[in-house]
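A short write-up of the structure that comes next.
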Amino acid sequence: MSLSSICCGNFHLLRNLIGNTCNIRLLKYHSRSIFETLLSIRRHQSRPLSTTVLARSTRKGSKQSFSNSRHLHVESVESSIEVFKQPELEQLKSLHTYKEKFSGVKTEWPATILVFDIETTGFSRREDRIIEFAVRDLMGGKNSTFQTLINPEKDVRNTYIHGISNSMLCRPDVPRFGDLIPILLQYVWSRQMDGKPVLWVAHNGRSFDVPFLFFEFRRCKVEMPGDWLFVDTLPIARQLVDSEGSKLSSVSLEKLRERYKIPLTGSAHRAMQDVTTLCYVLQKLTFELKLTVPQLLEKSFRATDLPATRSDK
DNA sequence: GGCCCTCTTTAGGGCCTT
């Protein structure tokens, strides 16, 4: 089974294949408990999942190994295809080529940069759950995006924020976070370059997205890969100044979108829309502050570095 | 909850994320 078929929405197929095809890799990156967790996930009742990955991967060195698949469970799924327009893709790529523009020197990619966003049932990482996850690989191209709704197994009471309702989540084809983990790991590995880390980018990620993600992994008794690094665009945006040299009064994603005149093409507070906005903001932000990708890496942190994840608050 | 700012640091208010 190729990654391309998975990326057309057959997430349940991938979930069922994880246990058959990825054991060595999982053991390489994780502890034995993770392996056992993934096997236990696979033993769960087979359910069709509705998730979306956009386009196909052609990345050299992509870690995909689905050819020896067995025991396929063909079930109905929902999927949608979104194509990122070429001019926008080229604009996003300029983040990586910033140094090249001014130095004329071809630089190597120091990391896979994944811009991500989550929607949740609220602000409490202890009480609330992730209900939507979206990510875009800044490299663009095929397989560059991944998004899914997630069944939080609890009531959603902030539908007025994101428009995601209980009826959208409490369906057999919407995965729980535990179902999603092996799928997400496999997706990230398919994008990761050999020997290089993954740099996750989120706005206010240090205080919100990263701890949320960390605790969802912990609830499922799965460790985050050690080569996942995170960078928060919020403190970076706080370095911006206005025309009079004063710091900005607000550096919310919405205010940054307005500052850079980025059009809103969908619903704000939906994960993929905010990811798309943040991709543009990141490009503008790094250009304005003359930040290179290696400098972004210097600002990165691991989830386990955060006080919140150490104290379990 | 974490971070930043200031009328501060032995504190408090506001921003940012859903």
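Naming: A, B, ... by sequence-line order, numbering from 1 per chain.
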Hey, what are the protein-to-nucleotides 3-6 of chain B N/O distances that come in under 3.5 Å?
unit_1: B:dC3; atom_1: OP1; unit_2: A:R206; atom_2: NE; d: 2.9
unit_1: B:dC5; atom_1: OP1; unit_2: A:K247; atom_2: NZ; d: 2.7

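Here A:D128 lies out of heavy-atom contact (under 4.0 Å) with every strand. Among the atoms of the strands shown, only primed sugar atoms or phosphate atoms (P, OP1, OP2) are found under 4.0 Å from some heavy atom of A:L234. Heavy atoms of A:H269 sit under 4.0 angstrom from at least one base atom. Within 4.0 Å of A:S250, counting heavy atoms only, lie sugar-phosphate atoms of the nucleic acid but no base atom. At a threshold of 4.0 angstrom between heavy atoms, the contacts of A:D274 are confined to the sugar-phosphate backbone, with no base atom among them.
Following rounding to the nearest Å, A:L253 (CG) and B:dC15 (P) show an atom-to-atom distance of 17 Å. Rounded to a whole Å, the CG atom of A:D232 is 10 Å from the C1' atom of B:dT17. The distance from atom CG of A:L248 to atom C1' of B:dC16 is 14 Å, rounded to the nearest whole Å. With rounding to whole Å, A:E127 atom CD is found 14 Å from B:dG1 atom C1'. Atom CD in A:E254 sits roughly 9 Å away from atom P in B:dT17 (whole-Å rounding). Here B:dG2 presents its C1' atom at 13 Å from CG of A:D209, a figure rounded to the nearest Å. Here B:dT18 presents its P atom at 20 Å from CZ of A:R157, a figure rounded to the nearest Å. Atom pair A:F212:CZ and B:dC16:P shows a separation of 19 Å (rounding to whole Å applied).
Rounded to whole Å, the C1' atom of B:dG12 lies 25 Å from the corresponding atom of B:dT18. Straight-line distance between the P atoms of B:dT8 and B:dC3: roughly 22 Å, to the nearest whole Å. B:dT17 sits 15 Å from B:dC4 when the P atoms are compared, rounded to a whole Å. With C1' as the reference atom, B:dT10 and B:dC16 are 28 Å apart, rounded to whole Å. A gap of 16 Å separates the P atoms of B:dC15 and B:dC7, to the nearest Å.
Residues passing the salt bridge (Lys or Arg N to Asp or Glu O under 4.0 Å) test with A:E216, sequence neighbours excluded: A:R219. Considering only residues two or more places apart in sequence or on other chains, A:E254 meets the salt bridge (Lys or Arg N to Asp or Glu O under 4.0 Å) condition with A:R257. Every residue was checked against the salt bridge (Lys or Arg N to Asp or Glu O under 4.0 Å) condition with A:R302, not counting sequence neighbours, and none meets it. Applying the salt bridge (Lys or Arg N to Asp or Glu O under 4.0 Å) test to A:K154 and every residue at least two apart in sequence or in another chain returns A:D128.
Nearest to the side chain of A:R125, among B:dC16, B:dG1, B:dT18, sits B:dG1. The side chain of A:T120 approaches B:dT18 more closely than any other nucleotide in the set B:dG1, B:dT17, B:dT18.
Remark: side-chain polar atoms of A:T159 are paired, donor with acceptor, to backbone N or O of A:I164 under 3.5 angstrom.
A:F301 and A:L213 fall within the same hydrophobic cluster, where Ile, Leu, Val, Met, Phe, Trp and Tyr residues are linked whenever their side-chain heavy atoms come under 4.5 Å apart, directly or through other members.
Position along DNA chain B of the nearest nucleotide to A:I118 versus A:S249 favours A:S249 as the more 5'-ward residue.
Evaluation of A:F208 against the base of B:dC16 yields no stacking contact (centre distance < 5.5 Å, interplanar angle < 30° required).
Members clustered with A:I161: A:Y160, by chain and number, using a 4.5 Å side-chain heavy-atom cutoff among hydrophobic residues.
Ring pair A:W200/A:F230 is parallel by interplanar angle, where below 30° counts as parallel and above 60° as perpendicular.
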